[in-house]
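Here's the structure, in structure tokens; my notes come after.
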Amino acid sequence: MSILKDGQDKLINHKTIFFRFNFDEGKNWGFGHLNRSLSLYKNLRLINCKKILLINKTKFTSNFARKYLKKYKIQFIQKEKFSYYNKILSKNSLIIFDTLGQKTKIVFGLKKKFNSKIISLEDNSRSSDLADLVINSKIFLLKKKRNKQIYNNFKFMILKNEFKKRRFYKIKYKKNYKVLIASGGSDQKQMLYKYSKKILPLKNLEISVLIGPGVKRSNKIYKLSNVIKFIIKPKNVKKIIDKFDIVISSGGTFMFECICLGKIVVPIENYFHQSKIINYLKNKNVILKTPKKSKNFFKFIKKTIYEIQIKNKNYLALQKRAYNFIDPFGIDRSIKLIKNLIK
């Protein structure tokens with residue numbers, strides 16, 4: 001009999017768990033895939049089990065892994081072909097795909113040859129029909145899923161552990177408000193510079209930008225280093241968000257982290273798939289309804305600050321709705337589903 005440490009379970013017939021995801025400097029993939037997989041990796045504590053990250057191989061991901069992922073076991077996937085998986089996998093492996101996509105032949109091969117269990121995160125393609133477990137915390141908003149029982153709910157939003165220790169901070173009347181601008185882990189579309197520049201003329205704002213690990217040194221935001229504060233690759237993102245009154249954020253995982261903390265969120269659509277998710281949250285009145293044209297952004301922020309000062313109760317109500325809309329325990333619920341599958 002094995003003696004299990006606190007928080008560990010026996011893993012039956014699955015000696016290796018692979019966490020398969022793609023990420024890059026923002027050209028095709030955001031850093032949300034990386035963060036979600038790392039959260040599962042850290043929280044899925046199982047005895048006598050190897051855990052391996054399967055990552056797309058590019059110059060960027062190779063350099064990033066050497067610098068930031070030293071403590072993880074990593075295998076790189078050069079091409080999305082079954083032959084690559086065939087070299088790496090063994091019998092009875094468990095594979096957790098973050099955004100599975102159109103990999104029907106690969107999934108079918110993995111299940112047939114290796115008797116693999118497949119878990120799909122944030123995907124509603126036909127490939128996910130072959131998965132043993134599907135967990136979609138937000139992708140289900142994009143279109144209806146075909147006849148398959150899956151877990152479609154914001155309750156399964158996977159956030160970092162640090163968000164479990166959250167506290168509600170209500171916005172108050174003051175002369176100057178602290179604004180954080182964030183584009184996630186990267187900034188391929190120069191969002192940080194574009195929106196910082198637009199609101200710089202407002203004298204009653206203290207502007208900071210969050211510089212993710214994928215933001216290049218050639219980014220225009222560095223031109224503003226003398227007039228705004230830079231927060232570069234913080235160890236604890238939650239503690240950073242807590243310090244700010246308003247957050248201007250792209251529509252990825254970072255936006256949901258801010259909603260979870262009850263912040264006043266100004267959403268920016270950075271990728272086409274974020275549009276429906278942002279509109280859904282706007283209709284639920286948990287984020288602000290931003291103007292469609294970016295040229296009106298300055299007036300919108302100026303008006304928002306004015307309204308916060310004179311209609312504070314309205315914004316406090318929005319904060320409370322946001323805080324109650326997404327709780328930080330989606331990671332625990334997701335882990336429970338995974339453990340139930342593999343026992």
Side-chain angles (χ1 to χ4, degrees), residues 21-36 39 60 98-99 122 137-139 141-142 154 157-160 163 178-199 207-216 219-222 224 228-234 237-238 240-241 244-284 286-298 300-301 304 322 325-326:
F21 60 93
N22 292 334
F23 75 104
D24 58 25
E25 60 269 63
K27 291 179 181 177
N28 301 299
W29 305 90
F31 270 67
H33 307 282
L34 167 69
N35 292 329
R36 193 160 42 235
S39 291
F60 175 80
D98 189 303
T99 312
E122 303 300 345
S137 65
K138 58 183 181 293
I139 199 73
L141 296 173
L142 299 183
F154 283 108
M157 180 73 61
I158 296 172
L159 303 178
K160 301 181 189 78
F163 286 87
K178 291 184 177 182
V179 175
L180 178 65
I181 304 177
S183 60
S186 58
D187 187 28
Q188 187 72 15
K189 298 184 178 181
Q190 304 280 340
M191 174 194 147
L192 297 175
Y193 176 80
K194 179 179 179 181
Y195 289 95
S196 296
K197 191 80 172 171
K198 285 183 181 296
I199 63 173
I207 304 170
S208 299
V209 293
L210 184 61
I211 307 292
V215 176
K216 297 179 180 178
N219 194 295
K220 286 183 180 180
I221 190 60
Y222 289 103
L224 304 178
I228 58 178
K229 182 181 177 182
F230 286 4
I231 301 169
I232 301 175
K233 293 171 274 192
V237 174
K238 184 256 177 191
I240 297 297
I241 299 171
F244 290 87
D245 304 301
I246 301 167
V247 182
I248 299 170
S249 171
S250 58
T253 302
F254 186 81
M255 176 183 71
F256 287 99
E257 292 172 342
C258 296
I259 293 170
C260 176
L261 295 178
K263 292 298 172 181
I264 293 176
V265 176
V266 180
I268 304 296
E269 181 189 331
N270 233 6
Y271 296 96
F272 73 94
H273 70 273
Q274 295 175 354
S275 176
K276 287 188 177 180
I277 294 169
I278 288 173
N279 287 335
Y280 178 88
L281 296 172
K282 285 178 181 178
N283 291 332
K284 291 291 181 180
V286 295
I287 57 177
L288 295 184
K289 296 180 179 179
T290 47
K292 291 183 179 180
K293 296 182 179 179
S294 62
K295 67 178 183 180
N296 298 324
F297 194 78
F298 172 82
F300 170 78
I301 295 297
T304 298
F325 191 76
I326 294 175

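If you're wondering where the values come from, they're calculated on a predicted model, not measured in any experiment. Positions are given from 1 along the sequence.
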(request) Identify the heavy atoms of Lys282 and Lys289 that sit nearest to each other, and give their distance. (result) O-CE, 3.4 Å
(message) If I take atom NZ from residue Lys238 and atom SG from residue Cys258, how far apart are they, to the nearest 0.5 angstrom?
(response) 12.0 Å
(message) Just so I know, are the side chains of Pro267 and Thr290 near enough to count as touching, which here means a heavy-atom distance under 4.5 Å?
(response) yes
(message) To the nearest 0.5 Å, what is the distance between CG on Leu180 and CD1 on Ile241?
(response) 7.0 Å
(message) Is it true that, when you exclude Lys284 itself, more than 12 heavy atoms of the residues, nucleotides or ligands shown sit nearer than 6.0 Å to its NZ?
(response) no
(request) List the steps and the verdict of side chain to side chain contact (heavy atoms under 4.5 Å, CB included) for Arg36 and Phe21. (result) CA-CA 9 Å; Arg36 193 160 42 235; Phe21 60 93; over 6 Å; no
(request) Decide yes or no for Ile301 and Val179: does some side-chain heavy atom of the first lie under 4.5 Å from some side-chain heavy atom of the second? (result) no
(request) Verify, without hydrogens or angle tests, whether Asn270 (side chain) and Ser250 (backbone) share a donor-acceptor contact under 3.5 angstrom. (result) no
(request) Would you name the heavy atoms of Gly251 and Ile278 that are closest together and state the gap between them? (result) CA-CD1, 4.1 Å
(request) Indicate the atoms forming the closest heavy-atom contact of Ser275 with Glu269, along with that distance. (result) CB-OE1, 3.4 Å
(request) First locate atom CG of Asn219, then atom CD of Glu25, and finally report the distance between them rounded to the nearest 0.5 Å. (result) 12.5 Å
(request) Would you please classify the geometry between the Phe23 ring and the Phe60 ring as parallel, tilted or perpendicular, with 30° and 60° separating the classes? (result) perpendicular
(request) Among Ile287, Thr304, Ile248, find the residue that satisfies the side chain to side chain contact (heavy atoms under 4.5 Å, CB included) test when tested with Val266. (result) Ile248
(message) Quick check: do Leu210 and Pro234 have side-chain heavy atoms less than 4.5 Å from each other?
(response) yes
(message) Distance check, rounded to the nearest 0.5 Å: Glu257 atom CD versus Asn35 atom CG?
(response) 7.0 Å
(request) Using a 4.5 Å cut-off on heavy atoms from C-beta on, say whether the side chain of Leu192 contacts that of Leu224. (result) no
(message) To check you understand the geometry: which heavy-atom pair defines the closest contact between Ser137 and Phe154, and what is its length?
(response) O-CD2, 3.3 Å
(request) Identify the two heavy atoms, one from Ile158 and one from Ser39, that lie closest to each other, and give their separation to 0.1 Å. (result) CG2-CB, 3.8 Å
(message) I'd like to know whether Asp187 forms a side chain to side chain contact (heavy atoms under 4.5 Å, CB included) with Tyr193, so could you lay out the CA-CA distance, the side-chain angles of the two residues, the decisive distance to 0.1 Å, and finally the verdict.
(response) CA-CA 9 Å; Asp187 187 28; Tyr193 176 80; 5.7 Å; no
(message) Is it the case that the side chain of Lys220 and the backbone of Gln190 share a donor-acceptor pair, with hydrogens and angles ignored and the cut-off at 3.5 Å?
(response) no
(request) Check for a donor-acceptor pair, side chain of Lys263 on one end and backbone N or O of Phe244 on the other, with a separation under 3.5 Å. (result) yes
(message) Less than 4.5 Å apart, side chain to side chain, heavy atoms only: is that true for Ile181 and Ile228?
(response) no
(request) Kindly compute the distance separating CD1 (Ile207) from CD1 (Ile199), expressed to the nearest 0.5 Å. (result) 4.0 Å
(message) Would you call the rings of Phe300 and Phe297 parallel, tilted or perpendicular, taking 30° and 60° as the class edges?
(response) tilted
(message) Between Asp245 and Ile264, is there a side-chain heavy-atom distance shorter than 4.5 Å?
(response) no
(request) Decide if atom NZ of Lys189 counts as having more than 12 heavy atoms of other residues, nucleotides or ligands within a radius under 6.0 Å. (result) yes
(request) Locate the shortest heavy-atom distance separating Lys138 from Met157; write the atom from each residue and the value. (result) CD-CE, 4.3 Å
(request) Indicate yes or no: at least one non-hydrogen side-chain atom of Ile221 is less than 4.5 angstrom from one of Ser196. (result) yes
(request) Could you tell me the separation between the OG atom of Ser183 and the CZ atom of Phe31, rounded to the nearest 0.5 Å? (result) 10.0 Å
(message) I'd like to check Lys194 versus Ile268 (side-chain heavy atoms, cut-off strictly below 4.5 Å). Are they in contact?
(response) no
